[in-house]
Student: 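Structure incoming, see below.
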Amino acid sequence: MRETSLSPDDFIYPLFATFGKNIRKEIKSMPGCFQESVDRIVKHAKEVHSLGIPSVLLFGIPEHKDETGSSAYDPHGVVQKAIKAIKDKVPQLYVITDVCMCEYTSHGHCGIIEKGDVKNDPTLELLAREAVSHAKAGADMVAPSDMMDGRVEAIRIALDEEGFSETPIMSYAAKYASAFYGPFREAAESTPRFGDRRSYQMDPANRREALKEVSLDIEEGADIVMVKPAMTYLDIISDVKDAFDVPVAAYNVSGEYSLIKAGAKLGWIDEKRAMMEVLTSIKRAGADLILTYFAKDAAKVLNK
Ligand code: PBG
């Protein structure tokens, strides 16, 4: 009678690539998640694959940050190296890359800054260069998370021009300006130095605007659309699923993960049950894919 069932096949597991060798540094606010050098990330990728999880989402923590985030499109950048190494050693694992500037800019914003403001249009070219450099390194799919207007189209055109017309785009289409990204910003070392992301991420109070954002991204060429965060936006996942006929992804973000981990550590919540309930609710709401730091823990439960 059960209407909704989970499978490790539903999950995408985020990984954080950092420079150096033999580094595996646990992220304090995200127990069980690590910043890892390329050699260690490959081992981790093997473990993910062996659990039946088909895909990973890669983030990079570069050695060098600057105003224009030049490490983001450096062919020898940390993400580019991690993509190559994973595709070389675990070719069956589907590698998606997060395309954004915030991990690579000295100011921590997702776009180019001019006179104290994030500038939409000049950012598009850099995002397109970043996406192409990921595809050249072997990425199977790119996932722009910056929320600049027009970036899906800019990336689609650039990929096509460079011979990557088969590389799909999963857009972070309805991405809200959320307090639940806090722990991630420690993980990716991408907290903005000034201001916040409310000029480009969505207002949590808006529901219809999500449909507009999603439809624009689909028009521009998005193959999969994402709603983010997940737990506090189940209504949005459901709306998007009903209104469009492309696959819907939902990002069960860092803060959602950390809250359950913290509650469990204090003995206030049953971690396993809470985790499975949250993931089930995201799928029940309509998500075809779930990006989650719980992927490995949940796969272990499901594989039993
Ligand atoms: C980059 C990006 C963020 C997340 C994914 N990609 C952070 C942000 O927008 O501040 C958040 C992921 C999470 O919290 O787990 N723009």
Side-chain angles (χ1 to χ4, degrees), residues 11-17 27-35 56-62 65 69 71-72 79 96-105 107-113 118 120 123-124 126-127 130-131 134 141-149 151-152 155 169-204 213 224-233 249-262 275 278-279 282 287 289-296:
F11 304 142
I12 298 169
Y13 186 63
L15 289 171
F16 298 94
I27 299 151
K28 250 190 259 145
S29 55
M30 298 172 70
C33 296
F34 302 86
Q35 295 180 339
V56 291
L57 173 69
L58 277 184
F59 293 96
I61 302 125
K65 300 195 186 210
S71 300
V79 162
I96 309 169
T97 57
D98 183 88
V99 173
C100 194
M101 302 311 296
C102 64
E103 300 130 70
Y104 306 96
T105 49
H107 44 72
H109 275 289
C110 303
I112 292 301
I113 302 282
V118 175
N120 192 93
T123 304
L124 302 183
L126 300 183
L127 293 166
E130 181 180 2
H134 291 173
M141 177 155 79
V142 293
S145 70
D146 52 283
M147 285 298 275
M148 298 300 130
D149 293 332
R151 90 276 203 216
V152 174
I155 290 171
I169 300 174
M170 172 167 69
S171 76
Y172 287 66
K175 177 173 177 180
Y176 286 87
S178 171
F180 291 93
Y181 307 150
F184 171 91
R185 292 179 185 169
E186 181 202 331
E189 299 175 14
S190 65
T191 308
R193 290 283 165 83
F194 61 89
D196 54 45
R197 303 211 205 289
R198 280 184 287 184
S199 69
Y200 40 104
Q201 299 182 349
M202 287 177 56
D203 181 344
E213 288 284 357
I224 300 175
V225 291
M226 190 201 297
V227 175
K228 176 185 173 187
M231 277 170 74
T232 39
Y233 299 89
Y251 202 139
N252 176 217
V253 301
S254 56
E256 301 173 328
Y257 171 84
S258 302
L259 278 180
I260 291 179
K261 287 282 175 188
M275 164 180 81
V278 164
L279 295 172
I282 296 169
L289 303 159
I290 306 172
L291 297 106
T292 178
Y293 305 97
F294 282 123
K296 290 195 300 170

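Order of listing sets the numbers, starting from 1, for every ligand and every atom in it. Note that the numbering runs from 1 along the sequence shown for the chain. Worth saying up front: this structure is predicted, and the values here are computed from it rather than measured.
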Student: Looking only at non-hydrogen atoms, find the nearest pair between Ala295 and Tyr13 and report the distance.
Tutor: CB-CD1, 3.7 Å
Student: Under 4.0 Å from a heavy atom of Gln201: which atoms of ligand 1 are those, numbered in the order shown and with their elements?
Tutor: 8 (C), 9 (O)
Student: Does only the side chain of Cys100 get under 4.0 Å from ligand 1, or the backbone, or both, or neither? Count heavy atoms.
Tutor: side chain
Student: Check if Met147 has a non-hydrogen atom at a distance under 4.0 Å from any atom of ligand 1.
Tutor: no
Student: Taking 4.0 angstrom as the limit and counting only heavy atoms of Cys110, give me the atoms of ligand 1 inside it, by number and element.
Tutor: 16 (N)
Student: Quick one: look at Asp146 and ligand 1, take heavy-atom pairs under 4.0 Å, and tell me if it's side chain, backbone, both or neither.
Tutor: neither
Student: Among all the protein's non-hydrogen atoms, which is closest to atom 14 (O) of ligand 1, and how far away is it?
Tutor: Ser254 OG, 2.7 Å
Student: Heavy atom of Lys175 under 4.0 Å from ligand 1?
Tutor: yes
Student: Specify the closest pair of heavy atoms between Thr123 and Cys110, including all atoms of both residues, with the distance to one decimal.
Tutor: CG2-O, 3.8 Å
Student: If you measure from each non-hydrogen atom of Ser145 to ligand 1, which part falls under 4.0 Å: side chain, backbone, both or neither?
Tutor: both
Student: Checking Ser254 side chain against Phe180 main chain: does a donor-acceptor pair fall under 3.5 Å?
Tutor: yes
Student: Kindly give the heavy-atom pair with the smallest separation between Ile224 and Ala249, and that separation in Å.
Tutor: CG2-CB, 4.1 Å
Student: Could you tell me whether the side chain of Asp98 and the main chain of Phe59 form a donor-acceptor pair under 3.5 Å?
Tutor: no
Student: Measure from atom 10 (O) of ligand 1 to every heavy atom in Arg185, Met101, Glu103 and give the option owning the shortest one.
Tutor: Arg185
Student: What pairs meet the salt bridge (Lys or Arg N to Asp or Glu O under 4.0 Å) rule with one or both residues in residues 170-187, with sequence neighbours excluded?
Tutor: none
Student: Sequence neighbours left out, what pairs pass salt bridge (Lys or Arg N to Asp or Glu O under 4.0 Å) with at least one residue falling in residues 249-261?
Tutor: Lys261-Glu271, Lys261-Asp297
Student: Which atoms of ligand 1 are found less than 4.0 Å from any heavy atom of Tyr293?
Tutor: 12 (C), 13 (C), 15 (O)
Student: Quick one: does ligand 1 sit under 4.0 Å from the side chain of Tyr257, the backbone, both or neither, non-hydrogen atoms only?
Tutor: neither
Student: Should the proximity of Ser190 to ligand 1, defined as any heavy atom under 4.0 Å, be assigned to the side chain, the backbone, both, or neither?
Tutor: neither
Student: Students should be able to answer this: which protein heavy-atom is nearest to atom 4 (C) of ligand 1, and at what distance?
Tutor: Lys228 NZ, 2.5 Å
Student: Could you tell me which non-hydrogen atom of Leu57 sits nearest to which non-hydrogen atom of Leu291, and how far apart they are?
Tutor: CD2-CD2, 3.6 Å
Student: What distance do Met147 atom CE and Tyr172 atom OH have between them, rounded to the nearest 0.5 Å?
Tutor: 12.0 Å
Student: Please list, in number order, the atoms of ligand 1 under 4.0 Å from a heavy atom of Cys102.
Tutor: 1 (C), 16 (N)
Student: Enumerate the atoms of ligand 1 whose separation from the nearest heavy atom of Phe59 is less than 4.0 angstrom.
Tutor: 5 (C), 6 (N)
Student: Would you say the ring centers of Tyr233 and Tyr251 fall short of 6.0 Å from each other?
Tutor: no
